[in-house]
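First the proteins, then the strands, lettered A, B, ... as listed; each starts at 1.
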Amino acid sequence: MEAYNHGKLEKKWQKLWEETGAFHASDDYTKEKYYALIEFPYPSGQGLHVGHPRPYTALDIVARKRRMEGFNVLYPMGWDAFGLPTENYAIKNKIHPRIVTEQNIKRFKGQLQSLGLSFDWSREINTTDPNYYKWTQWIFIQLFNKGLAYKKEFPINWCPDCKCGLANEEVVNGACERCGTEVVRKVKNQWMMRITDYAEKLIKDLDLVDYIEKVKIQQKNWIGRSEGMEVDFTVQGLTDKLRVYTTRPDTLFGVTYMVISPEHPILEQEKAKINNYEEIIAYREFSAKKSDFERTEMSKEKTGLIVHGLSAINPVNSQEIPIFVSDYVLMSYGTGAIMAVPGHDTRDWEFAKKFQLPIVEVVAGGNIADAAFTDIETGSMINSDFLNGMEVTAAKTAISDYLISKSLGESKINYKLRDWVFSRQRYWGEPIPLVLCKKCGWQPLPESQLPLLLPDVESYEPTDNGESPLAKMTSWVNTTCPKCGGAAARETDTMPQWAGSSWYFLRYTDVNNDQALASPEALAYWLPIDWYNGGMEHTTLHLLYSRFWHKFLYECGVVPTQEPYQKRTSHGMIMGENGEKMSKSRGNVVNPDDIVEEFGADTLRIYEMFIGDFEKSVPWSMNGVKGCRRFLDRVWRLQEIANKNKGYSKELEASVHKTIKKVSNDFESLKYNTAISAMMSLLNEFTDNGSITTDEFKTFLLLLNPVAPHITEELWEKLAHPGYIFQQQWPVWDESKTIDDVIEIGVQISGKVRSTVLIPRIAKQAEAEKIVKSDEKIQEWIKDKTIVKEIYVPGKIYNIVVK
RNA sequence: GCGGGUGUGGCGGAAUUGGCAGACGCGCUAGACUUAGGAUCUAGUGGUAGUACCGUGGGGGUUCAAGUCCCUUCACCCGCACCA
C-alpha cells in the first residue's frame with residue numbers, strides 16, 4: 001500500500017474539480033435549489049488566517065452534503081475589496097490600490113483553493129470591479145430617488161488619523177474601530193441613509209427568519225425600540241411649548257424639574273429671556289469638546305446648570321418647575337428635552353442630589369432616599385391625584401388617556417437606531433453617482449452613464465481639510481448637469497465599505513448580467529439564501545444594512561423576498577495556542593498554508609471542525625492537528641482490512657446505521673465536532689473488528705467526504721468504485737437498524753449505580769425485575785435490606801430503593 | 001448599570017424528555033516493535049488511602065434519580081452604554 005501523500009493527492013483532485021466544473025451551480029431552475037453563503041472576505045495583505053476556514057468549511061460541508069442529496073447548490077465566493085487598509089497600504093508603499101487589491105485577491109484565492117472548498121469560482125465577484133459597482137451605484141440612485149439618501153449637516157465621528165468620518169457602528173469605546181485613534185466630533189455635510197424609516201420592519205420581520213437567538217436579540221437591542229409619550233410643558237411667558245419624551249408618563253406627578261440638551265434650539269430662540277445665556281454657551285462648548293469616551297467616563301458625575309429666566313409648568317398639577325441644561329440629555333434622541341423624575345429615574349436622581357432638587361415619591365415600594373425606585377413590576381401610585389392606588393401599568397394607560405384627551409401629549413415610539421452616515425472622504429470606494437448643479441440641485445447620473453468610474457488620481461492621500469482626494473481632480477469633478485446641461489460638480493465623497501457588501505449575495509445569482517443587478521428569474525429561483533454564516537461582529541453592521549437595502553429593493557420590486565437570509569448562524573473565533581487573540585504582535589499567528597503543507601487540507605478541515613463547539617471561541621492546538629492527521633492515516637489504512645463482501649456485516653450493521661444518522665443530523669445543526677467524533681468511533685469499531693466490507697468502507701467514505709473531500713475521493717478511486725465520490729448519493733439509514741434489541745442499562749440501589757445488566761429493550765417490569773435480581777452484585781446489595789420502592793424506566797434505568 | 005452567554009478531568013470538549021458524568025481527541029503512564037523514534041501498535045488514565053467514598057464554580061432545595069429543574073451566590077467572557 002502506498003503511503004498517504006496528502007500533497008500530491010490534494011492537488012490532483014483540486015485540479016480535476018476545477019477542470020470539470022464539479023461545483024458549478026446549474027442554471028436549470030427546475031431542480032430544487034440550495035443557496036449556502038458565507039461572508040465574503042476582505043482580501044487583506046496578511047493573507048488568509050486560520051479563522052477563515054472555520055466557517056467556510058462548515059458551510060462547505062453543508063453544500064457538499066446537499067449536492068449529494070440531489071440539490072442544485074449555489075456556494076459562491078467573492079471579494080469585499082474596497083476599504084481603508086488597502087488604501088493605507090497603497091499610500092505607504094506608493095502602489096495603486098487596484099494593484100494591491102489584485103495581488104491580495106490572487107493570494108487569497110490560491111489559499112482558498114488549496115483548502116478544497118467547493119466554491120463555484122465561475123461566479124466570483126469583486127466589489128471594486130466596475131461591472132459590479134455599477135449596480136452598487138444604481139441601487140444608491142434608487143435610494144436617492146426615493147428620498148432615502150439625503151445630505152445633511154451632521155456632527156459626525158471623525159477619526160483624525162484615518163482622516164475620515166465614521167458611522168456610529170464603527171466607533172468602539174470612543175475610538176476608531178480600525179486604528180484605535182480617539183474619535184472627535186466634526187460637523188460635516190454628509191450623505192445619510194434613512195435606515196430609521198425601516199426600524200419597525202427590521203425588528204418585526206425577524207419573526208420571518210430563522211436566526212440564532214443572540215443575533216435577533218442584538219439586532220433588537222441595537223434598533224432599541226421604546227414605547228412612550230411625548231408631553232407638552234408650558235414655558236412661562238411663551239406660546240411655544242417645551243415637548244419631552246418619556247416612557248414613564250405615570251410618574252408625571254413626580255416631575256420636579258426639566259432638563260434640556262445643551263444644543264436645544266429653545267436656548268437660541270429665547271436667548272433674550274435667558275439671564276445666564278453666556279454661561280450656558282460656555283457649557284455647551286465644554287460639552288461639545290468632550291469626546292464620546294470622556295462623556296462615558298464622566299457619566300458618574302452629572303454636570304449642568306439652571307436656565308435663569310425660563311421656567312415650566314407641570315401640565316397635570318400646574319406646579320412651576322425650573323429648567324436645567326445638562327449633557328446627559330442628548331439632542332439626538334427623543335425631543336432633546338426631558339421631564340425629570342428623580343424619585344424614579346437613576347440619572348435624574350443623581351442630578352437632583354447634586355443640585356439639591358426636591359425628590360418626590362410617586363410610586364411606593366422603594367426607598368427613594370437611597371436610590372431611585374425604577375421597578376415597574378411592583379409598587380403602586382401615590383402622591384399622584386387620580387392615579388393613586390393604581391399599579392404602574394394601569395397608571396400608564398390612565399395618564400395616557402388623560403393627556404391625549406386634553407391634547408397635552410401623544411403616544412410615541414422612539415428608536416435608538418440613527419440614520420446611516422454614508423459618505424467617506426476617501427479614495428478607495430465607490431464614487432457616489434450624483435452631480436450638484438447650481439440650478440437643479442443634486443442630480444443622479446442617468447443609468448447610461450453608469451458605472452461612474454473611479455478616476456485615476458495623482459495622489460489618493462486623504463486631505464487635511466477633510467475633503468476626499470477626488471476633490472483635487474478638477475477635470476473629473478467639473479461636469480455637466482444631466483438635467484439642464486449646465487455646469488455642475490460631481491460629488492467627491494465615496495461610499496463606505498458596507499455598500500458593496502449590502503447586496504453582493506444578489507449578484508452571485510447572475511454575475512454577468514449587464515442589464516440588471518441580476519435577472520428576476522435568477523433572483524426568484526435562488527432567493528432567499530437558505531443558510532448564511534458569518535461573524536458576530538457583523539450582527540449590527542453588515543446584517544442590518546443589508547437587510548435594510550434588501551427591504552428597499554423588495555419594495556421597488558427588484559427582489560422577490562422581504563428578507564435576504566432565511567437562516568443565520570455564527571461561528572466563534574480561533575484564538576492563539578495561549579488562549580489570546582491571534583495577532584502578529586503576540587507572535588501566536590498560525591498560517592493555514594503551513595498546516596496544508598505539512599498535514600494537508602483535509603487535516604486542517606477536520607481539525608477546524610473537530611476543535612470544539614462551532615459557535616464558541618477555541619484556542620488553537622498543534623497537538624490537536626496531529627491527532628486529526630492520525631485519524632486520516634488510520635482511514636487510509638482501512639484499505640488493509642477491507643474485504644470484497646457486499647452489504648453490512650452483522651457485527652457492524654447497527655453501528656453503521658447509527659453513525660449515518662448521527663452524522664447526517666449533526667451536520668445540519670452546527671455539531672460538526674460530534675459528527676466527527678462519531679466517525680472516529682466508527683473507525684475504532686472497524687479496526688477492532690479487523691475486517692470491513694466494501695459497503696461499510698463506501699458508507700464511511702461518503703460520510704467523511706464533506707469534511708475530508710480529497711482523501712475520500714482518492715480512496716473511492718482506489719477501491720475502483722464507479723464515478724467520483726462527489727457525484728454519489730448521500731447514504732441513508734434504516735431507523736429500525738439503529739435500535740438495539742438488547743441494551744445495557746444501569747441498576748441503581750437508592751439512586752447510586754451499582755451494576756449494569758443486559759436486558760431486552762422492550763422488557764416489561766416483571767422480566768426486568770427478574771434479570772436485575774439475578775445479578776450477583778445486586779443480590780449482595782439488597783441482602784438484609786427492605787425494598788421500599790422499585791422504579792423501572794424501560795431503556796433507561798432500574799432503581800431499587802432500600803432501607 | 002443594562003442585555004446576552006459560559007463555568008464539567010492536566011487540555012479541547014461529550015452527555016434526547018431529569019435516567020450509567022467524562023463519548024471523541026489531545027496529553028500523560030506502562031509495554032511491544034525498533035540502531036533510533038516527535039512513527040506505529042497494545043493496555044491504562046476524574047480524584048483519593050484499591051471491593052468504598054468524593055466528584056459538573058459555591059451554598060441550599062425538589063426528586064427514587066439533578067451537569068440538566070427551582071432558589072441563592074461567585075467568577076469570567078461578549079455586546080451596548082446617560083437612549084429619558
Can you find a side chain N or O atom of [X] that sits less than 4.0 Å from OP1 or OP2 on [N]?
X	N	value
N623(A)	G27(B)	yes
K671(A)	A15(B)	yes
N684(A)	G25(B)	yes
R629(A)	G25(B)	no
R637(A)	A39(B)	no

Interface polar pairs with nucleotides 51-57 of chain B, N/O, under 3.5 angstrom:
| from | atom 1 | to | atom 2 | distance (Å) |
| --- | --- | --- | --- | --- |
| C53(B) | OP1 | R754(A) | NH2 | 3.3 |
| C53(B) | OP2 | R754(A) | NH1 | 3.0 |

Give one of base, sugar-phosphate or nothing for [X], where a contact means two heavy atoms less than 4.0 Å apart.
X	answer
G627(A)	sugar-phosphate
S226(A)	sugar-phosphate
T756(A)	base
D348(A)	nothing
E744(A)	base

Which donor-acceptor pairs under 3.5 Å do the side chains of residues 615-628 of chain A make with protein atoms, sequence neighbours left out?
| from | atom 1 | to | atom 2 | distance (Å) |
| --- | --- | --- | --- | --- |
| S621(A) | OG | N623(A) | N | 3.4 |
| S621(A) | OG | G624(A) | N | 2.9 |

[N] to [M] separation - [atom1] atoms, rounded to the nearest Å:
N	M	atom1	value
A52(B)	U42(B)	C1'	31 Å
C71(B)	A23(B)	C1'	32 Å
A15(B)	G67(B)	C1'	9 Å
U56(B)	U68(B)	C1'	10 Å
G12(B)	A30(B)	P	25 Å
C26(B)	A36(B)	P	25 Å
U29(B)	G47(B)	P	14 Å
U6(B)	A84(B)	P	28 Å

Open item on the list: Going by the glycosidic torsion and a 90 degree boundary from 0, is the base of G9(B) oriented syn or anti?
Closed with: syn
Open item on the list: Show me the pairs that pass side chain to side chain donor-acceptor pair (under 3.5 Å) and involve residues 603-612 of chain A, at least two apart or across chains.
Closed with: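 Applying side chain to side chain donor-acceptor pair (under 3.5 Å) to every pair that reaches into residues 603-612 of chain A, excluding sequence neighbours, yields D60(A)-R605(A).
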Using whole Å, report how far [atom1] of [X] lies from [atom2] of [N].
X	N	atom1	atom2	result
M622(A)	G25(B)	CE	C1'	15 Å
F599(A)	A39(B)	CZ	C1'	13 Å
K661(A)	U16(B)	NZ	P	13 Å
H571(A)	C78(B)	NE2	C1'	14 Å
D327(A)	A84(B)	CG	P	17 Å
K216(A)	C80(B)	NZ	C1'	21 Å
D666(A)	G13(B)	CG	P	17 Å
D613(A)	C24(B)	CG	P	19 Å

Task: Of the listed nucleotides G25(B), A21(B), A23(B), the one nearest the side chain of V753(A) - done: A21(B)
TODO: Look at the side chain of R630(A) and decide which nucleotide, out of A14(B), C26(B), C20(B), has an atom nearest to it.
DONE: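 The answer is C26(B), which lies nearest to the side chain.
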Task: Annotated protein contacts, base or backbone, on nucleotides 2-12 of chain B with a non-hydrogen cut-off under 4.0 Å, one of B, S, - each - done: -SS-------B
Open item on the list: With salt bridge (charged side-chain N to carboxylate O under 4.0 Å, His left out) as the rule and sequence neighbours excluded, what pairs involving residues 534-545 of chain A come up?
Closed with: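 Listed once each, the pairs would be none.
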TODO: If a pair satisfies salt bridge (charged side-chain N to carboxylate O under 4.0 Å, His left out) and one of its residues is in residues 631-640 of chain A, list it, with sequence neighbours excluded.
DONE: R629(A)-D633(A)
TODO: With RNA chain B as reference, determine whether C628(A) or T335(A) sits nearer its 5' end, using the nearest nucleotide of each.
DONE: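 Here C628(A) is the residue nearer the 5' end.
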Open item on the list: Let me spell it out: for each of G795(A) and S621(A), pick the nucleotide of RNA chain B with the closest heavy atom. Which residue's pick is nearer the 5' end?
Closed with: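 That would be G795(A).
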Run the salt bridge (charged side-chain N to carboxylate O under 4.0 Å, His left out) test against [X] and tell me which residues pass, sequence neighbours left out.
X	value
K662(A)	D666(A)
E744(A)	none
E668(A)	K65(A), R66(A)

Task: Atom NZ of K354(A) with >12 non-hydrogen neighbours under 6.0 angstrom - done: yes
- [ ] Step through the shown structure and confirm whether more than 12 heavy atoms of other residues, nucleotides or ligands are within 6.0 Å of CD on E776(A).
- [x]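 Not buried by this count: 12 neighbours or fewer within 6.0 Å.
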Taking pairing as Watson-Crick or G-U wobble with both contacts under 3.5 Å, can you name the mate of [N], or confirm there isn't one?
N	answer
C24(B)	G12(B)
G18(B)	none
G31(B)	C41(B)
G3(B)	C78(B)
G67(B)	none

Open item on the list: Using side-chain heavy atoms (C-beta onward) and a distance below 4.5 Å, is W781(A) in contact with V747(A)?
Closed with: no
Open item on the list: I'd like to check L242(A) versus H264(A) (side-chain heavy atoms, cut-off strictly below 4.5 Å). Are they in contact?
Closed with: yes
Open item on the list: Suppose we screen for side-chain hydrogen bond (donor to acceptor under 3.5 Å, both in side chains). Which residues come up paired with E377(A), at least two apart in sequence or across chains?
Closed with: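 E377(A) satisfies side-chain hydrogen bond (donor to acceptor under 3.5 Å, both in side chains) with no residue once adjacent residues are dropped.
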Open item on the list: Restricting to side-chain hydrogen bond (donor to acceptor under 3.5 Å, both in side chains), what partner residues turn up for D370(A), sequence neighbours left out?
Closed with: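 D370(A): side-chain hydrogen bond (donor to acceptor under 3.5 Å, both in side chains) contacts with N367(A).
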Produce the list of close N/O pairs, under 3.5 Å, pairing protein atoms with atoms of nucleotides 63-69 of chain B; give distances to one decimal.
| from | atom 1 | to | atom 2 | distance (Å) |
| --- | --- | --- | --- | --- |
| C64(B) | O2' | N799(A) | ND2 | 3.1 |
| C64(B) | O2 | N799(A) | ND2 | 2.5 |

Open item on the list: Between T57(A) and L604(A), does the side chain to side chain contact (heavy atoms under 4.5 Å, CB included) criterion hold? Intermediate values first, please.
Closed with: CA-CA 10 Å; T57(A) 306; L604(A) 178 65; over 6 Å; no
Task: Donor on one side chain, acceptor on other, D602(A) and H6(A), under 3.5 Å - done: no
